[in-house]
Amino acid sequence: MTNDIATVHLPGFLTSPTRFLFFTGKGGVGKTSVGCAAALSLADGGKSVLLVSTDPASNIDEILDVPLGNLPVAVPGVEGLHVLNIDPTVAAESYRQRVLAQMTPTASEQDRNTVREQLSGACTTEIAAFDEFVSWLVNDNKVYDHIIFDTTPTGHTLRLLSLPKAWSGFLDVNDRGASCLGPHSGLKTQEARFKTAMAALCDPAMTTIILVTRPETSAIAEAARTSTELRALGVSNQRLVVNGVFRASDSSDATAASLERQGKQALAGMPAALQTLPRDNVLLRPIEMLGLDALRSLLRTVPASATPIKPSALVSFTDDLPALDRLIDLLAADGKGLIMVMGKGGVGKTTIAAAIGLGLVQRGHSVHLSTTDPAAHLAMTLTGEVPGLRVDRIDPKAETERYIATIMNQRGNTLDKQGQALLREDLASPCTEEVAVFHAFSRIVAEARTAFVVLDTAPTGHSLLLMDAAGTYHREVMRQSASHDLIGRITTPLMRLQDPNYTHILLVTLAETTPVSQAAALQEDLRRAHVEPYAWVINKSLLAAGTRDRLLQQRLLGEKKQIDRVRGSMAKRLFFVPWQATPPVGVQALQELAHDHSHAPSTV
């Protein structure tokens, strides 16, 4: 039965939706909120809908107030809507059990142990999650009218969507040997599934990719890059959603006028790759997207009405949080070390990492500034060279080529031509990339023994997978060291991350519920790995800027609540970066960011 709530005018991407809808985009653009709102709208319209998150750091549970698991869970109060989260750890264990079950009854325990070892790496975790994802694309049962995928931030989503093609091609030419997926001979049974998944992704009658962006230059540029790369994969049915479009109610309000101007300028410079796509604008709302009522308001095409703030609710903003330059002073005092900037996508990790790197150079230190994020925004953020600052990124493709060349050089010399060919086939496995990236990460971590290394990490979920890889490697090294009496003489990357004199972890967040909650969860995950965060940074807060705009004032009340939450129980050290009227892009703007004390107290 159709819900009356569905009478609200629908955006274009919901007027004739395909069965599969993928929401992707740069971290922090609101793809989860838009995806949840879309799923809710379809369910309210009488459709049966499954909302699937492929993000290890999914916050759908917080948005919908429902516990997530690897099996569909009904959303209370919404008939026909179910959600699930593809948990990489659970998926990996399930995958291991399936592979072992496929082995013949005559397989020895040694053979089984060999396969278990092959399936113990971090790349297996990624591939297992991918296998769960494929299962929903190729499942022929019609239990759900629509399956909506809320994906990881762009760089990792591109890898996820390219895996069906990559594994299909790999298995076409390789049915011998083994990989992180187990024996290749057994994997041939998966080949048809991978090809079916790729066919579904490329079929415009079945699948729509919805590129979500905000009216911000970097987010729009990433959406354009994603669109181009997806077309290269054969995935051409794309739409664009611009989320958080803001219209100032008072043009004399400097903060509101600047925010609107930045958005218009970003949209005016939209790359050609996006200009031809069907587009929907989603207006900025005065409240955070938590709960069913908020989500149902998100896709409405009429501006939201914001309730005026009562005078009794206005309190002076006390500017008593230390600024970024104070944090840089503390870090510089050590003279060297690893500084890892972590947090949810879209919170400004790259900006903070670049500002810290420049601040350390200004204090006379040489700095290596790098990133583990496949989307790699460092060059776009800096837009210039600085003496004493070396900037690069861990390029998955380049690192994979380097890793393959190293292995072939180390092992190939002892093999005949047939053996070399088999080794090269095994190294053609898509999972080799994950191993190569970890090796590159380990090299960069080791550099901090003698200099400063500032590492801008990938969004939370995939940073945790990288940490998991460090843990797996550590356990294997310790096992081998024990058998060769080397314990105490070997230092693993995880041991360096655990050393507070070597590594400083900075958690960056916005003053919003979901980024703060995810940073808190990340902190607990790190602590379980015996890695203690050094400090928190609250970035891009409008609270310090001050505004008379009613919609922004409503949002600022929420910001103050989250700042008090972090300051009260979460952060040992807390630093503060205010929202900037001009985007902090370029060397000069980033240097000024670390010394910004110009903002006036706000009233909220």
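In this text, all values refer to a predicted model and were calculated from it rather than measured experimentally.
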Run the numbers on F13 and F23 for ring pair (Phe, Tyr, Trp, His ring centres under 6.0 Å), then give the verdict.
CA-CA 11 Å; F13 64 86; F23 288 83; 5.8 Å; yes
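Counting only heavy atoms from C-beta outward, the side chains of I394 and T371 never approach each other to under 4.5 Å. Within the 4.5 Å cutoff, no side-chain heavy atoms of L283 are placed close to those of F246.
The residues E559 and R555 are annotated as not salt-bridged, no charged nitrogen and carboxylate oxygen being separated by less than 4.0 angstrom. The pair D329-R363 meets the salt-bridge criterion, with a side-chain N (NZ, NE, NH1 or NH2) lying under 4.0 Å from an Asp/Glu carboxylate O. Contact check on R528 versus D525 returns a salt bridge, with a Lys/Arg side-chain nitrogen under 4.0 Å from an Asp/Glu carboxylate oxygen.
The list of salt bridge (charged side-chain N to carboxylate O under 4.0 Å, His left out) pairs with a residue in residues 571-587, not counting sequence neighbours, reads E532-K572.
Of the possible donor and acceptor atoms, one in the side chain of T457 sits under 3.5 Å from a partner among the backbone N and O of V341. At least one donor-acceptor pair under 3.5 Å links the side chain of T15 to the backbone N or O of G12. Of the possible donor and acceptor atoms, none in the side chain of E79 sits under 3.5 Å from a partner among the backbone N and O of G77. Side-chain N or O atoms of N539 include one that pairs as donor or acceptor with a backbone N or O of V347 at under 3.5 Å. In this structure, Q275 contributes its side chain and M270 its backbone to a donor-acceptor pair below 3.5 Å. Between the side chain of E260 and the backbone N or O of A248 there is at least one donor-acceptor pair closer than 3.5 Å. A donor-acceptor contact shorter than 3.5 Å links the side chain of S297 to the backbone of A294. Not a single donor-acceptor pair under 3.5 Å links the side chain of Q262 to the backbone N or O of E216. Under a 3.5 Å cut-off, the side chain of T226 and the backbone N or O of E222 do form a donor-acceptor pair. Distance alone, capped at 3.5 Å, places no donor-acceptor pair between the D549 side chain and the A256 backbone.
Counting all heavy atoms, side chain and backbone alike, A266 lies closest to I220 at O-CD1, 3.5 Å. For the pair L369 and A353, the tightest heavy-atom approach, listed with the atom from each and the gap, is CD1-O, 3.8 Å. For the pair Y534 and L327, the tightest heavy-atom approach, listed with the atom from each and the gap, is CE2-CD1, 3.9 Å. The shortest non-hydrogen separation linking D145 to R19 is O-CG, 3.3 Å. Heavy atoms only, all atoms of each residue included: K349 and G343 are closest at CD-N, 3.2 Å. Among all heavy-atom pairs drawn from G30 and V212, the shortest one is C-CG1, 4.3 Å.
Side-chain polar atoms of R565 and S517 form a donor-acceptor pair below 3.5 angstrom. With no hydrogens or angles considered, a side-chain donor-acceptor pair links Q562 and T513 at under 3.5 Å. S252 and R548 form a side-chain donor-acceptor contact under 3.5 Å, judged by distance and modelled atom types alone. T207 and T18 form no side-chain donor-acceptor contact under 3.5 Å, judged by distance and modelled atom types alone.
With rounding to the nearest 0.5 angstrom, the NZ atom of K540 is 9.0 Å from the CD1 atom of I352. A distance of 7.5 Å separates OG1 of T228 from CG of L274, quoted to the nearest 0.5 Å.
For E512, there are no side chain to side chain donor-acceptor pair (under 3.5 Å) partners two or more places apart in sequence or in a different chain.
Remark: of the listed residues N59, T32, T24, T32 is the sole one forming a side-chain hydrogen bond (donor to acceptor under 3.5 Å, both in side chains) with D150.
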